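Residue numbering restarts at 1 for every chain, and letters A, B, ... go by the order of the sequence lines. Just so we're clear, the structure is a prediction, and the values are computed from it rather than from any experiment.
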Number of protein chains: 2
Amino acid sequence: MTKQFSSVWTREERPPKAPGLSRDQIVRAALDLLDAEGVEGLSMRKLGARLNAGATSIYWHVANKDELLELCYDRVWVDVVVLDPETAHWRPALSTFAHSLRSTILRHPWLARLLGRIPGLGPNLLSVSDRIMRLMQRAGFEGLEISFATGTVMAYVMGQTIPEVTWRETMGKQEIQPGDLMNILEKTTADDFPELFAAFRDTRDMDPLETQRMSFSYGLECVLDGLEARVNA
Amino acid sequence: MTKQFSSVWTREERPPKAPGLSRDQIVRAALDLLDAEGVEGLSMRKLGARLNAGATSIYWHVANKDELLELCYDRVWVDVVVLDPETAHWRPALSTFAHSLRSTILRHPWLARLLGRIPGLGPNLLSVSDRIMRLMQRAGFEGLEISFATGTVMAYVMGQTIPEVTWRETMGKQEIQPGDLMNILEKTTADDFPELFAAFRDTRDMDPLETQRMSFSYGLECVLDGLEARVNA
DNA sequence: ACCTGAACACCGTTCAAGT
DNA sequence: ACCTGAACACCGTTCAAGT
């Protein structure tokens, strides 16, 4: 075996810097950017830079920024846990689903901004919906109630978690403690809203994260109780 | 009484074009723009133009765009109906509140985009919260449960209505009917998600707006049933 | 088939300057 | 006290041109 002559001129040109961009690669980079800097931090130019590409190269793989966001949005649903519809009991399955969805949203706070903007049509979200509906159908729900019940749980989780994210972000950005905020508000408006501030005071000495978790679980049990009352009606 | 000599030069200059801008005036114009063109349609420049002012004049009255959005967000809560906490029964009161909040959001679709972005701290939202909490307290809820129960209802309404708005907007923008969309999806993915598409088919011949209203009411009754089970526990 | 850069039509916000 | 215009540092997207 003889060593071959080697130089730039003899070596075949490699496929230009990796096989070029792929949609998958773009979405992964976008997710990184979203997790690191939020929706506001994701721009086509920054994303291009992170991929060592021109900003406008992305438009070959994706029609526009909204489509890119649809892809990102759908991607996170792979992490949401839905127990096996064939074997799990519907109530604990719905409960783990709800907590799993909540923690996914809290892990990717930018989701809170997309829920009012992106229609959920991706395969991962559809798959989650389908599994939950199978769960409900096996539980004894029938006809329209299958999707109504499913929608109720999803609505509750999102509605509870979105403002939760908004709070965490504003607290974080302003570097303020919930207690401080309460003190500021209290001075100006406590007299006008007695019941509201009474409730604030009740939670003053509690860990706000723990309070939010309790609040979430409380409402979830309400919803599940309401469903349970209908399951055999 | 003698008629006085009058000319531009004798008459005192009026305060320049109205008493200038006021925060209230700015917010009203911003709401008009939001209702007409949505969140994307509201820019400081367009808003300035609508007020016959330079775009940057607004910054004298308002720190930045996010603060302006906070003001807009709070303003719509004046339309949300909460029956008198001293006389109304909690359950019908919560039901009218829920439907009223839903229709307010549907009337101002841009709200769906702000819920994940703006912390609700304005007087009108606080006032609504306070009235509901008084309602719950009179109903027999105690301590933390007062705010947990209130939060549950608000979360449900928002979580159900936000995606509802997103759907209406994407349908509207793409000028597509729900049936058409279903046909498109069905071709590619119906086999993968049998239960989901079975549900779609059940609603195929129904008025989608009516279906959404039914779905909303179904979940609301679930939530209220769950609360009712706790009211005297 | 895939990527690029220049260019267009926008943004929010700051700030010195005006009245 | 209130308003202005110019300027800065960004945007998303189109498109002719390159390989």
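Using a 4.0 Å cut-off, no side-chain N or O of B:Trp60 falls inside it from OP1 or OP2 of D:dC3. At the phosphate of D:dA1, neither OP1 nor OP2 sits under 4.0 Å from any side-chain N or O atom of B:His61.
Ring orientation note: the planes of A:Phe216 and A:His99 are nearly perpendicular, at an angle over 60° on the 30°/60° scale. Ring pair B:Tyr73/B:Trp77 is perpendicular by interplanar angle, where above 60° counts as perpendicular and below 30° as parallel.
Look at CD on A:Glu40: it is 13 Å from C1' on C:dC11, rounded to the nearest Å. Protein atom CE of B:Met44 is 17 Å distant from nucleotide atom C1' of D:dC11, rounded to whole Å. Between the CG atom of B:Leu51 and the P atom of D:dT4 there is a distance of 10 Å, rounded to whole Å. Counting to the nearest Å, the P atom of C:dA1 and the CG atom of A:Leu21 are 17 Å from each other. If you take NZ of B:Lys65 and C1' of D:dC11, they are 12 Å apart, rounded to a whole angstrom. For A:Leu47 and D:dC10, the CG to P distance is 17 Å, given to the nearest whole Å. If you take CD1 of B:Ile26 and P of D:dC2, they are 11 Å apart, rounded to a whole angstrom. Distance B:Arg117 CZ to C:dG12 C1': 11 Å, rounded to the nearest Å.
Between A:Arg134 and A:Asp130 there is a salt bridge, since a side-chain N of the basic residue sits under 4.0 Å from a carboxylate O of the acidic one. Salt-bridge annotation for B:Asp66 and B:Arg117: present, with a side-chain N of the basic residue lying under 4.0 Å from a carboxylate O of the acidic one. Under the 4.0 Å criterion applied to side-chain N and carboxylate O atoms, A:Arg28 and A:Asp32 are not assigned as salt-bridge partners.
In this structure, CD in B:Glu210 is found 12.5 Å from OG1 in B:Thr203, a value given to the nearest 0.5 Å.
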* To do: For side chain to side chain contact (heavy atoms under 4.5 Å, CB included), just list the numbers for B:Met154 and B:Leu125, CA-CA rounded to whole Å, side-chain angles, deciding distance to a tenth of an Å, and then say yes or no.
  => CA-CA 11 Å; B:Met154 301 196 90; B:Leu125 170 51; 4.2 Å; yes
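Residue contacts shown for A:Ser43 are limited to sugar-phosphate atoms, with no base heavy atom under 4.0 Å away. Across all strands, B:Leu42 comes closer than 4.0 Å only to sugar-phosphate atoms, never to a base (heavy-atom distances).
Of the nucleotides present, C:dC8 is the one that pairs with D:dG12 by Watson-Crick or G-U wobble criteria, both distances under 3.5 Å. Nucleotide D:dG18 has C:dC2 as its partner under the Watson-Crick or G-U criteria, with both atom distances under 3.5 Å.
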* nucleotides 14-19 of chain D: protein proximity per nucleotide (B base, S sugar-phosphate only, - neither; heavy atom, under 4.0 Å) -> B-----
